[in-house]
Amino acid sequence: MARLAQTAGLTDIQQEILSTVRDFVDKEIIPVATELEHRDEYPQQIVDGLKELGLFGLMIPEEYGGLGESLLTYALCVEEIARGWMSVSGIINTHFIVAYMLKQHGTQEQKDHFLPRMAAGDIRGAFSMSEPGLGSDVSAITSKAVKDGEEYVLNGQKMWLTNGGTSSLVAVLVRSDEGHPEGTAPHKSMTTFLVEKEPGFGEVRPGLTIPGKIDKMGYKGVDTTELIMDGLRIPADRVLGGVTGRGFYQMMDGVEVGRVNVAARGCGVAQRAFELGVRYAQQRHTFGKAIAQHQAIQFKLAEMATKVEAAHAMMVNAARKKDSGERNDLEAGMAKYLASEYCKEVVEDAFRIHGGYGFSKEYEIERLYREAPMLLIGEGTAEIQKMIIGRRLLEEYRFQG
């Protein structure tokens, strides 16, 4: 077993789950990831394997058919999966966030209706906040829901929807002024709707269109899409939690655990980059010896390994904090920020170790080099994380003068 990124204090069940996932990654994901990524092909066989392992229900309570595991267990599984191929971890991440939001904020009817099928992997989740002109300013959402009898009519355009085509349930955040007088703060007049749809592209239900996949630099295989609502009618009982105006808080709660997930992805990609770098350094010879024997390369490997270890430790701390029931936005922000930045640096160092071969699509590091930048912006940019961290630090260390 590798020396880096070990986690102390795991139960026998957690260790067994991780061992199973690690074995699956080594046998079923790593051998095919680069080929599938270059073809931008959805990894259906891999996803079916994850479904058989029960990973779509990993954190869903046992009463709904899930495994009832902790955020830590989930994050460590994501770390392993991202080590194999980051896109696969993205497929289960958005599903996990929707399931978490349902578990925490859904009505009993909503939980009973969705969670058992989500645990089985028969319903796949996606969530949607962003819009074409939105960026990080969630309060500027323009998509809107208007009450019409026992239904709401939704109109607007959403952007950067992971699993937009393959999902069958989307949690969509829109403005809902009904019941909220003019002048209400924007974040208090937002509502999350649970939108069921058919998987695929085009008009997937009346009033709802998924135009097609967005062509991306990296993070391929998983489908990233727009979502267009034009007179989309949703029953009132599909308002998450049954009450309007709480959508912003529900989404932020989901994104908070999602940031732990992104940190775990950064850790996994960084681990794989280190593995590739340290292996190549021992195989490649220059000036009569393996380049691993050159001091400059040893310094680089030392820095890479230290960053992998530090990012993993912060990710584990953030997950355990959330599992304890405590507020973890500070720890999650720090973990996401550090892990994504360190991931980019470790991948680049591994790329440099490969020299000219790192620029060739025959080598796995080329794929990682295109994937790492997504982590810098997913679930909030580095700048957003620093704002969260700074504000929380000022709360914790408020000067009493």
Side-chain angles (χ1 to χ4, degrees), residues 10-25 28-29 42-81 88-127 162-172 192-199 222 235 237-242 250-251 253-258 260-261 264 319 322-323 325:
L10 297 181
T11 66
D12 291 342
I13 292 176
Q14 287 174 313
Q15 291 174 357
E16 183 178 347
I17 291 172
L18 287 175
S19 177
T20 301
V21 172
R22 188 178 300 116
D23 186 60
F24 181 84
V25 168
E28 305 295 336
I29 298 182
Y42 186 79
Q44 187 61 57
Q45 188 171 339
I46 293 173
V47 172
D48 290 342
L50 295 176
K51 180 179 176 180
E52 289 182 15
L53 292 177
L55 288 192
F56 284 100
L58 190 61
M59 276 191 68
I60 294 176
E62 293 180 3
E63 63 189 283
Y64 300 107
L67 298 179
E69 273 295 331
S70 64
L71 177 60
L72 174 62
T73 307
Y74 182 82
L76 294 175
C77 288
V78 166
E79 183 179 39
E80 288 294 339
I81 293 169
V88 178
S89 65
I91 290 170
I92 61 174
N93 178 41
T94 53
H95 174 89
F96 151 71
I97 290 177
V98 176
Y100 174 84
M101 290 168 61
L102 273 162
K103 182 183 75 169
Q104 295 297 111
H105 306 287
T107 64
Q108 191 60 53
E109 185 275 333
Q110 290 167 351
K111 294 177 187 179
D112 292 340
H113 181 76
F114 289 113
L115 288 181
R117 289 184 291 163
M118 294 187 79
D122 296 331
I123 288 181
R124 306 278 172 80
F127 76 103
T162 301
N163 289 332
T166 50
S167 61
S168 47
L169 174 65
V170 185
V172 182
T192 302
F193 285 87
L194 300 170
V195 179
E196 296 173 87
K197 70 175 187 65
E198 290 297 320
V222 59
D237 63 4
R238 288 298 175 257
V239 170
L240 180 61
Q250 294 163 346
M251 281 281 179
D253 189 25
V255 168
E256 190 173 293
V257 293
V260 176
N261 180 287
K322 187 72 172 179
D323 284 332

Exercise. Using atom types as modelled and distance alone, determine if a side-chain donor or acceptor of Ser167 lies under 3.5 Å from a backbone N or O of Gly125.
Key: no
Quiz prompt | Ile91 side chain reached by Val47 side chain, heavy atoms, under 4.5 Å | solution = yes
Exercise. On the 0 to 90° scale, with breaks at 30° and 60°, tag the Tyr74-Phe96 ring pair as parallel, tilted or perpendicular.
Key: parallel
Quiz prompt | Test side chain to side chain contact (heavy atoms under 4.5 Å, CB included) applied to Gln250 and Gln104, step by step | solution = CA-CA 8 Å; Gln250 294 163 346; Gln104 295 297 111; over 6 Å; no
Practice problem: Evaluate whether atom CD of Glu63 has more than 12 neighbouring non-hydrogen atoms of other residues, nucleotides or ligands under 6.0 angstrom away. | Solution: yes
Exercise. Verify, without hydrogens or angle tests, whether Asp122 (side chain) and Arg117 (backbone) share a donor-acceptor contact under 3.5 angstrom.
Key: no
Quiz item: Where the side chain of Lys322 meets the backbone of Ser70, is there a donor-acceptor pair that is under 3.5 Å apart?
Solution: no
Quiz item: Got more than 12 heavy atoms from elsewhere within 6.0 Å of CD, Gln108?
Solution: yes
Quiz item: Judged by atom type as modelled, is there a donor-acceptor pair below 3.5 Å linking the side chain of Thr20 to the main-chain atoms of Glu16?
Solution: yes
Quiz prompt | Asn163 vs Arg124 side-chain heavy atoms within contact, under 4.5 Å | solution = no
Quiz prompt | Set of residues satisfying side-chain contact (heavy atoms from CB on, under 4.5 Å) with respect to Glu109, sequence neighbours excluded | solution = Thr107, His113, Arg238
Quiz item: Are the side chains of Phe24 and Ile46 in touch, meaning some heavy atoms are under 4.5 Å apart?
Solution: yes
